[in-house]
Asker: 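This is the structure, below, for whatever I ask next.
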Amino acid sequence: MKLRTILLTAIFLCFGLEITPQTESHSIPKNEFGMDEGLLPEDTATYPELKNWAIFQSYELVPDSPFMGIQDFICRMVPDTGLRFLLEKPVTKKSTVYLYLDLTQYKPLPGSRFKPKKITISVNGIPKLSIYTDRSRSFKNPVEIPLEPSEYPEGKILVELTPSQNTTGRFWGIWDAVVLENKRSEGDSGH
């Protein structure tokens, strides 16, 4: 209980800070998915909690990515019914922007039952990408989704994550979401 209180206090204090990398001159639209008030305990998870769950499933959890300097090791779990959240990007110029999602990712350990999983990512009601993972196939984090100016009118980016019907429980989660004006180059850690 004390750990959660300390984490909530640290997150509260961090919300006032802006991350402004050298490549961007304005505030970056981001969502770090901390432990918000009013959420059920199963709505969020810390890295140690997810790592323990993964061990019991015979999976290995891939840690929260340090992309763009955002690495708080707290994720928002995606319920069976899906998750929606809004990012707002001030429209300073009409150009393509890039939505980056840092999703929870697991690697199956030898002998584990790793059933195929799928999650669909929609932006402003339009399906943009489906991600599949199974014993032999995974995905690269952070997931990149280019958005044309017509796809984010008035700078509003409503993201919806919908797990497949065969995904029971809270397998999927999201560590962070970021919108950038410039495409991330291969191998760029975003620092």
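We use all heavy atoms of the structure for the numbers below, so side chains are in, but hydrogens, waters and symmetry mates are not. Worth saying up front: this structure is predicted, and the values here are computed from it rather than measured.
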Asker: Does any part of the side chain of Leu161, heavy atoms only, come nearer than 4.5 Å to the side chain of Phe85, both counted from C-beta?
Answerer: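 Yes, close enough: below the 4.5 Å cut-off.
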Asker: Which residues pass the salt bridge (charged side-chain N to carboxylate O under 4.0 Å, His left out) test with Lys156, sequence neighbours left out?
Answerer: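 So Lys156 forms a salt bridge (charged side-chain N to carboxylate O under 4.0 Å, His left out) with Glu88.
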Asker: Determine whether Val179 and Ile157 satisfy the following criterion, side chain to side chain contact (heavy atoms under 4.5 Å, CB included), listing intermediate values before the conclusion.
Answerer: CA-CA 9 Å; Val179 177; Ile157 301 169; 3.8 Å; yes
Asker: Starting at CG of Leu87, measure out to NZ of Lys89 and round the result to the nearest 0.5 Å.
Answerer: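 Going from the CG atom of Leu87 to the NZ atom of Lys89 covers 11.5 Å.
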Asker: Got a second to check how far Lys115's NZ is from Ser164's OG, nearest 0.5 Å?
Answerer: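 With rounding to 0.5 Å, NZ (Lys115) is 11.5 Å from OG (Ser164).
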Asker: Return the set of residues passing side-chain hydrogen bond (donor to acceptor under 3.5 Å, both in side chains) with Ser136 (not counting sequence neighbours), or none when no residue passes.
Answerer: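 Testing Ser136 for side-chain hydrogen bond (donor to acceptor under 3.5 Å, both in side chains), a comparison that skips the adjacent residues, returns Asp134.
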Asker: Considering only residues two or more places apart or on different chains, which pairs with a residue in residues 123-132 satisfy side-chain hydrogen bond (donor to acceptor under 3.5 Å, both in side chains)?
Answerer: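 For residues 123-132, and leaving out neighbouring residues, the side-chain hydrogen bond (donor to acceptor under 3.5 Å, both in side chains) pairs sorted by first residue read Thr120-Ser130, Lys128-Glu151.
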Asker: With sequence neighbours left out, write down each residue that passes ring-ring contact (aromatic ring centres under 6.0 Å, His included) with Tyr59, or none if nothing qualifies.
Answerer: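 With neighbours one apart ignored, the set is Trp53, Tyr106, Phe114.
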Asker: Assigning hydrophobic clusters by single linkage (Ile, Leu, Val, Met, Phe, Trp, Tyr; side-chain heavy-atom cutoff under 4.5 Å), is Phe139 placed with Val62?
Answerer: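 Cluster IDs for Phe139 and Val62 differ.
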Asker: Atom OG of Ser65 and atom NZ of Lys140: how far apart are they, to the nearest 0.5 Å?
Answerer: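 Nearest 0.5 Å value for the OG-NZ distance: 10.5 Å.
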Asker: With sequence neighbours excluded, tell me which residues meet ring-ring contact (aromatic ring centres under 6.0 Å, His included) with Tyr47.
Answerer: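 Once residues adjacent in sequence are excluded, the partners of Tyr47 under the ring-ring contact (aromatic ring centres under 6.0 Å, His included) criterion are Phe73.
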Asker: Count the heavy atoms of every other residue, nucleotide or ligand shown that sit under 6.0 Å from CZ of Arg113, and state whether that count exceeds 12.
Answerer: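 Atom CZ in Arg113 is not packed in, count stays at 12 or less.
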Asker: Grouping I, L, V, M, F, W and Y whenever their side-chain heavy atoms are under 4.5 Å apart, do Trp175 and Leu129 come out in a common cluster?
Answerer: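 Yes, because Trp175 and Leu129 connect within a single hydrophobic cluster, where side-chain heavy atoms sit under 4.5 Å apart.
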Asker: Do you know which two heavy atoms are closest between Pro163 and Pro79, and how far apart they sit?
Answerer: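 Distance-wise, the nearest heavy atoms are CG-O, 3.5 Å.
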Asker: Which residues pass the side-chain hydrogen bond (donor to acceptor under 3.5 Å, both in side chains) test with Glu60, not counting sequence neighbours?
Answerer: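 If we apply the side-chain hydrogen bond (donor to acceptor under 3.5 Å, both in side chains) test to Glu60, skipping adjacent residues, there are no hits.
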Asker: Heavy atoms, side chains only, cut-off 4.5 Å: are Val123 and Leu99 in contact?
Answerer: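 Yes, close enough: below the 4.5 Å cut-off.
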Asker: Can you tell me how far CD1 of Ile174 sits from CD1 of Ile119, rounded to the nearest 0.5 angstrom?
Answerer: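 One finds 8.0 Å between CD1 of Ile119 and CD1 of Ile174.
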Asker: One pair to check against side chain to side chain contact (heavy atoms under 4.5 Å, CB included): Asp176 and Asp72. What are the steps and the verdict?
Answerer: CA-CA 9 Å; Asp176 312 296; Asp72 60 4; 4.1 Å; yes
Asker: Does a side chain donor of either Gln105 or Ser138 reach within less than 3.5 Å of an acceptor in the other side chain?
Answerer: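 Looking only at side-chain atoms, Ser138 and Gln105 do form a donor-acceptor pair, the distance falling under 3.5 Å.
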Asker: What pair of heavy atoms forms the shortest contact from Gly173 to Cys75, and how long is it?
Answerer: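 Closest heavy-atom pair between Gly173 and Cys75: CA-SG, 4.3 Å.
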Asker: For the residue pair Thr133 and Pro116, establish whether any side-chain heavy-atom pair is separated by less than 4.5 Å.
Answerer: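 They are not in contact (no side-chain heavy atoms under 4.5 Å apart), so the answer is no.
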Asker: Just jot down the side-chain hydrogen bond (donor to acceptor under 3.5 Å, both in side chains) partners of Arg135, sequence neighbours excluded, or say none.
Answerer: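 Listed in chain order: Ser112.
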Asker: Would a 4.5 Å heavy-atom cut-off, applied to side chains only, mark Leu83 and Glu160 as touching?
Answerer: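 Contact flag for Leu83/Glu160 side chains = no.
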Asker: What do the steps show when you test Met77 against Asp43 for side chain to side chain contact (heavy atoms under 4.5 Å, CB included), and what is the final call?
Answerer: CA-CA 5 Å; Met77 300 307 297; Asp43 289 340; 5.8 Å; no
Asker: What do the steps show when you test Asn141 against Phe67 for side chain to side chain contact (heavy atoms under 4.5 Å, CB included), and what is the final call?
Answerer: CA-CA 9 Å; Asn141 257 332; Phe67 180 67; over 6 Å; no
Asker: Give, for atom CG of Leu103 and atom CD1 of Ile121, the distance between the pair rounded to the nearest 0.5 Å.
Answerer: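 Result: 5.5 Å between the selected atoms.
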Asker: Just jot down the side-chain hydrogen bond (donor to acceptor under 3.5 Å, both in side chains) partners of Glu148, sequence neighbours excluded, or say none.
Answerer: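 Thr96.
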Asker: Any side-chain heavy-atom pair from Val178 and Tyr98 closer than 4.5 angstrom?
Answerer: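 Counting from C-beta outward, Val178 and Tyr98 never come under 4.5 Å.
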Asker: Closest approach of Ser122 and Pro127, non-hydrogen atoms and distance?
Answerer: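 Taking Ser122 first and Pro127 second, the nearest heavy atoms are OG-CA, 3.5 Å.
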Asker: Quick one: do the Glu144 and Tyr100 side chains pair a donor with an acceptor below 3.5 Å?
Answerer: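 Distance-only check passes for Glu144 and Tyr100.
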